[in-house]
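The chains referred to below are lettered A, B, ... by the order of the sequence lines, with proteins before strands, and numbering in each begins at 1.
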Protein chains: 2
Amino acid sequence: MKLPETAKNRLEDALKQLNLRPTQQREHVFAVLLSERDHPTADEVYVRAKKSMPSISLATVYNCLEILVSCKLVKQVNFDREPTRYCPNLAEHAHFHCNDSHRVYDVDLPQDLLNSLKSVLPKGYEASKVELSFHGTRVDTTPSK
Amino acid sequence: MKLPETAKNRLEDALKQLNLRPTQQREHVFAVLLSERDHPTADEVYVRAKKSMPSISLATVYNCLEILVSCKLVKQVNFDREPTRYCPNLAEHAHFHCNDSHRVYDVDLPQDLLNSLKSVLPKGYEASKVELSFHGTRVDTTPSK
DNA sequence: ATTGAAGCTTAGAATCATTATTATTACAAA
DNA sequence: TTTGTAATAATAATGATTCTAAGCTTCAAT
């Protein structure tokens with residue numbers, strides 16, 4: 001579990017902007033998030049982080065995640081009132097939540113769709129954030145022999 | 001606070017389908033929800049319900065709301081991990097969450113937009129539910145003299 | 001009317017993700 | 001080194017929601 005140089009630089013720059021220090025824990029939590037393309041909960045991050053940093057505490061994981069969010073290096077993803085999930089994919093995208101596996105998949109959002117989404121708002125409504133999520137099941141489309 | 005005849009019938013029919021009884025509490029909670037066009041939390045419903053039914057308990061309000069949801073007379077609306085809100089507007093619609101007032105407004109969703117939303121899903125993803133929400137502020141568009 | 005079973009309501013306890021608190025540690029500036 | 005500030009760790013507290021246990025209603029069958 002090692003943070004690539006470019007990510008490390010991004011983190012250090014972002015932290016510097018907020019007068020925060022690049023600590024081992026912050027780097028490690030960021031590395032954990034980047035190492036898999038899923039959307040772990042704070043608790044799952046904690047479990048993964050402990051593997052190579054056994055002394056890290058859950059509170060620190062929460063703190064680091066919150067700081068990564070305020071640095072805009074990570075996004076929070078919420079489904080109903082389930083535990084918050086963390087997502088290092090900064091591109092504008094939607095989420096698909098699989099009812100079976102409980103996994104979350106990213107879904108690309110074409111820019112023109114985003115625009116037509118905002119166009120449904122009545123006059124006087126200014127949206128700073130649009131959230132789009134799907135719930136359903138993935139069906140296996142592998143052709144059988 | 002009185003439940004209109006038609007709503008009362010809807011409730012009784014829906015409950016009958018699930019072999020549930022039309023109790024005073026259930027009717028009252030439904031009436032509370034219908035009486036305002038906002039999206040109250042369970043706690044807010046509880047406060048309103050107590051005004052004309054002081055003996056009702058918070059647990060009962062939660063129970064009634066959950067039953068109304070399973071009857072499909074009411075929808076749950078979640079924003080991040082804020083308390084769940086309840087919405088008797090059954091039409092397919094999006095929500096606008098005002099950062100200033102913390103109120104939630106319904107936004108109509110044209111059917112063709114809904115269709116194009118589902119069309120962004122890759123093959124093999126079957127969405128049973130689409131959630132679309134906006135966060136932002138309402139700007140006053142009243143023309144000044 | 002009485003009984004019994006099933007469904008309801010209530011009060012309070014329990015749960016669980018998250019946040020707050022506090023003491024300790026790390027580290028930079030003086 | 002001393003001093004001050006920020007970060008971490010352990011633990012307690014919070015708050016929405018759910019669960020549990022007990023006592024009520026309702027209603028069908030006696």
Exercise. Got a sec, which hydrophobics cluster with B/Leu90, joining ILVMFWY side chains under 4.5 Å apart, including via others?
Worked result: none
Can you list the residues that meet the side-chain hydrogen bond (donor to acceptor under 3.5 Å, both in side chains) rule with [X], with sequence neighbours excluded?
X	value
A/Tyr62	none
B/Thr84	B/Asn78
A/Asn63	none

For this session: Not counting sequence neighbours, list each pair that qualifies as a salt bridge (Lys or Arg N to Asp or Glu O under 4.0 Å) and has a residue in residues 8-20 of chain A.
Result: A/Lys8-A/Glu27
Problem set entry | All pairs passing salt bridge (Lys or Arg N to Asp or Glu O under 4.0 Å) where residues 77-99 of chain A contributes a residue, at least two apart | none
Problem set entry | side chain to side chain donor-acceptor pair (under 3.5 Å) pairs, two or more places apart, involving residues 29-38 of chain A | A/Asp38-A/Arg48
Problem set entry | Qualifying ring pair (Phe, Tyr, Trp, His ring centres under 6.0 Å) pairs, either residue in residues 15-41 of chain A, two or more places apart | A/His39-A/His95
For this session: Would you work out how much the helix from C/dA1-D/dT30 to C/dA30-D/dT1 bends between its ends, with each end axis defined by five base pairs, to 10 degrees?
Result: 10°
Problem set entry | Contact interval (first through last nucleotide) of DNA chain C with protein chain A, 4.0 Å heavy-atom | C/dA17 to C/dA20
Exercise. For nucleotides 2-19 of chain D, read 5' to 3', which letter fits each nucleotide if B means a protein heavy atom sits under 4.0 Å from the base, S means only the sugar-phosphate is that close, and - means neither?
Worked result: ---BSSSBB-----SSB-
Seminar exercise, completed: Across all chains, not counting sequence neighbours, the ring pair (Phe, Tyr, Trp, His ring centres under 6.0 Å) partners of A/His97 are A/Phe79, A/His102, A/His135
